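Below is one structure, written out as structure tokens; the observations come after it.
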Amino acid sequence: MKQSEVKELSVEDLKNKLAEYKKQFGDLKLAHSVTPLENPLQIRKTRRTVARLATELTKRDNQ
């Protein structure tokens, strides 16, 4: 998810997406620890998306 897409979401959508991506990140980490993933870069991409969403949510809370 790109930063421009994140900026267009409402606060409620941000919270929902953040929870969704956090769960996906946890699932990927667990699956990778059991057996290596075909594309381990998915973990990095998901982690960075979680960070983008959390940063945008924090930025909106501080305004």
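This is a predicted model, so every value here is computed, not measured.
- Here the straight-line distance linking atom NZ of Lys29 with atom OG1 of Thr46 works out to 11.0 Å at 0.5 Å rounding.
- Here Lys23 pairs with Asp27 in a salt bridge; the nearest charged N to carboxylate O distance falls below 4.0 Å.
- Using a 4.5 Å heavy-atom threshold, the side chains of Gln42 and Asn39 count as touching.
- Rounding to the nearest 0.5 angstrom, the gap separating the CG atom in Leu14 from the NZ atom in Lys7 is 12.0 Å.
- Contact detail for Ser10 and Arg60: the closest heavy-atom pair is C-NH1, 3.6 Å.
- Between Pro40 and Glu38, the shortest heavy-atom distance links the atoms CD-O, 3.5 Å.
- From Leu28, atom CG reaches atom CZ of Arg47 across 11.5 Å, with rounding to the nearest 0.5 Å.
- Nearest heavy-atom pair, Lys15 versus Leu57, reported as atom, atom and distance to 0.1 Å: CG-CD2, 4.0 Å.
- At least one donor-acceptor pair closer than 3.5 Å links the side chain of Arg52 to the backbone N or O of Met1.
- A donor-acceptor contact closer than 3.5 angstrom is absent between the side chains of Asp61 and Thr58.
- Between Asp13 atom CG and Glu8 atom CD the span is 11.0 Å, to the nearest 0.5 Å.
- Counting all heavy atoms, side chain and backbone alike, Leu18 lies closest to Ala54 at CD1-N, 4.1 Å.
- For the residue pair Tyr21 and Leu53, the shortest heavy atom distance occurs at CD1-CD1, 3.7 Å.
- With hydrogens and angles disregarded, a donor-acceptor distance shorter than 3.5 Å links the side chain of Glu5 to the backbone of Lys2.
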